[in-house]
Each structure stands twice: as C-alpha cells, then as structure tokens.
Amino acid sequence: MNLIADALAWLFSPDRLQGGNPIPLRFGEHLFYTFLSVIIAAAIAVPLGYVIGHTGRGRNIAVALSGAARALPSFGLILLLVLLIGTTRAPLAAVIAFVLLAIPSILAGAYAGVEAVDRRTIDAARAMGMTEWQILRKVEIPLGLPLLIGGLRSAALQVVATATLAAYVGLGGLGIYLFRGISLRTYDEMLGSALLIATLALALDTVFALTQHLVVPRGVTAGRVKDDRSTSSRRRAGAGTPAVTGKG
C-alpha cells in the first residue's frame with residue numbers, strides 16, 4: 001500500500017513537469033511513435049487486406065505471414081534491427097520494428113472485414129450493375145469497417161506495449177522511467193511508469209472501442225434491432241401457444 005502511495009506521490013510531484021525527463025515530453029514521444037507506426041502499418045496493410053478480402057487470392061499466404069509475424073519476440077526484433085541499422089539510428093530501427101508488429105493485426109482486420117460481408121449482399125450489388133470497385137468501396141469497406149477498427153485497436157495496443165521496451169535503446173517515451181527505476185532501484189518510479197503506460201493503453205483502447213461502435217452502418221444496426229424484435233415476438237408467441245395434446 002505504501003508503494004502505491006509512493007508511486008502516486010512520484011507521479012504528481014511538481015518535479016515530473018520539469019528537468020530532463022518531464023512526463024508531458026515522454027508522454028508525447030510515446031504517442032508520437034505509436035501513431036506514426038500504426039499509420040505507416042495501416043498504409044501498407046489496409047490496401048493489401050482489401051485486395052485479399054475482395055479477390056480471395058493470397059489469403060493463405062497472408063494468414064501464414066501474419067501468424068509468423070505475431071510470433072516474433074518484440075524486444076529481440078528491436079535489438080536485431082538496431083544492430084543491423086546502427087545504434088545512431090535507433091529510433092528508425094524501433095519504428096520499423098513497431099510497423100512490422102502492427103501489420104499482422106491490421107491486415108487481418110482488413111481482409112476479415114471484407115470476407116465477413118454476406119455473399120448475398122455482394123451478389124445483390126452485382127445484380128444492380130455495380131462494378132467490382134463500387135462493390136468494394138460502397139459495400140464491402142463500409143460493412144467491414146468495424147473489424148478494421150478492431151485490427152487497428154489491437155495494433156495500437158501492441159505498439160504501446162512494445163514502445164515501452166524501446167526505451168532501452170534510447171527511443172525515449174514512458175519506458176525510460178521504468179528502465180531508470182530498475183537501474184536505480186527506485187520502485188516508486190517503476191510503478192509510476194507502469195501506471196502511466198497502463199493508463200495510456202486503457203485510454204487508447206476506450207477510444208478505439210467507441211470508434212468501432214460508431215462506425216457500424218446505421219442499416220446494420222437497424223437490421224439487428226428488427227431481428228431482435230422479431231425474435232422476441234416469436235418467443236412471446238411461442239410461449240403463449242397452448243401445448244398440443246394428442247388425441248385418443
């Protein structure tokens with residue numbers, strides 16, 4: 001309990017707003033690397049995922065590559081890229097590692113969102129004379145958007161967690177307090193850093209969850225409500241129907 005109180009005292013100390021490692025600066029660095037990496041990964045993975053989802057070609061390769069990329073050890077990948085690119089370019093190496101780690105989730109969200117669209121809806125769009133591009137743009141992308149946002153949500157959380165480790169190679173961010181606390185054995189600083197990172201992750205998760213809820217097309221939401229009401233009506237009707245007794 002005293003450790004938590006010490007961590008909160010460390011967090012809200014005026015010293016955290018000045019000096020060489022102010023929290024706002026490190027917080028901004030953490031967010032900057034997170035959003036930069038997710039945007040770059042989305043620019044690569046979203047078009048590729050839409051092509052795979054619409055055409056159905058290359059799905060097995062994408063699934064295999066996504067599974068392999070998810071198995072990569074985050075810290076080991078960062079260290080490997082820093083050694084290959086050079087310690088003077090550690091931020092570049094870290095961003096490349098973040099992008100590689102974020103791509104699988106976004107790619108999976110993109111092609112799964114397109115694949116999840118009911119084939120009868122696509123057939124109806126073709127019957128109305130829509131081109132393949134129009135089907136993708138007006139039917140598959142809007143209906144698959146919630147799953148894509150889910151992929152972005154997973155990717156952002158992955159990068160937020162990994163950016164903490166990247167402080168070890170001089171990237172900055174909120175992880176710098178964690179590694180400094182380990183070396184100096186200042187447990188209040190370590191716990192305070194962990195609380196900051198957890199708060200940032202929860203805040204991002206909440207924003208993406210709300211966005212995922214808001215991007216559901218109104219027609220889909222209305223259809224779900226209608227289905228629920230129909231199901232409830234059938235259940236009530238079934239419950240009110242007297243049991244049929246056998247004759248004789």
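Between the side chain of Q212 and the backbone N or O of P146 there is at least one donor-acceptor pair closer than 3.5 Å. Side chain of S13 to main chain of R16: no donor-acceptor pair is present (N/O by atom type, distance under 3.5 Å, no hydrogens or angles). Of the possible polar contacts, one joining the S154 side chain to the G150 backbone as a donor-acceptor pair under 3.5 Å is found. The closest donor-acceptor contact from the side chain of Y33 to the backbone of G28 lies at 3.5 Å or more, if one exists at all. Here the side chain of T186 pairs no donor or acceptor atom with the backbone of I182 at under 3.5 angstrom.
Distance CH2/W10 to OG/S193: 6.0 Å, rounded to 0.5 Å. Distance OH/Y187 to CD1/I4: 16.0 Å, rounded to 0.5 Å. T34 OG1 to E29 CD: the interatomic distance, rounded to the nearest 0.5 Å, is 11.5 Å. The CZ atom of F35 sits 5.0 Å away from atom CG of L204, with the distance rounded to the nearest 0.5 Å.
Between F75 and Y168, the two ring planes are perpendicular [angle over 60°; tilted spans 30° to 60°].
Using a 4.5 Å heavy-atom threshold, the side chains of I40 and S37 count as separate. Using a 4.5 Å heavy-atom cutoff, the side chains of H213 and L210 are not in contact.
Under 4.0 Å is where a charged nitrogen must lie from a carboxylate oxygen, and between D123 and R126 at least one such pair does.
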Checklist entry - Could you walk me through whether I23 and L196 pass the side-chain contact (heavy atoms from CB on, under 4.5 Å) check? => result CA-CA 9 Å; I23 287 178; L196 282 174; 4.0 Å; yes
Next on the checklist: Run F98 and L171 through side-chain contact (heavy atoms from CB on, under 4.5 Å) and show every step you take.
Outcome noted: CA-CA 12 Å; F98 299 157; L171 183 68; 3.7 Å; yes
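Scored by the side-chain contact (heavy atoms from CB on, under 4.5 Å) test, I96 finds L81, I85, L92, L100 as partners (sequence neighbours excluded). Every residue meeting the side chain to side chain donor-acceptor pair (under 3.5 Å) condition with R180, not counting sequence neighbours, appears here in chain and number order: E189.
Nearest heavy-atom pair, A45 versus L107, reported as atom, atom and distance to 0.1 Å: O-CD1, 3.6 Å. The two residues A42 and I106 make their nearest non-hydrogen contact at N-CD1, 3.8 Å. Shown here for A155 and A102, the closest heavy-atom pair between the two residues is CB-O, 3.6 Å. The minimum heavy-atom distance between H30 and L174, with the atom names listed, is ND1-N, 3.1 Å. Contact between A167 and G172 at its shortest, heavy atoms only, is CB-O, 3.5 Å.
Residue pairs that meet the salt bridge (charged side-chain N to carboxylate O under 4.0 Å, His left out) test with at least one member in residues 139-167, sequence neighbours left out, are R153-D205.
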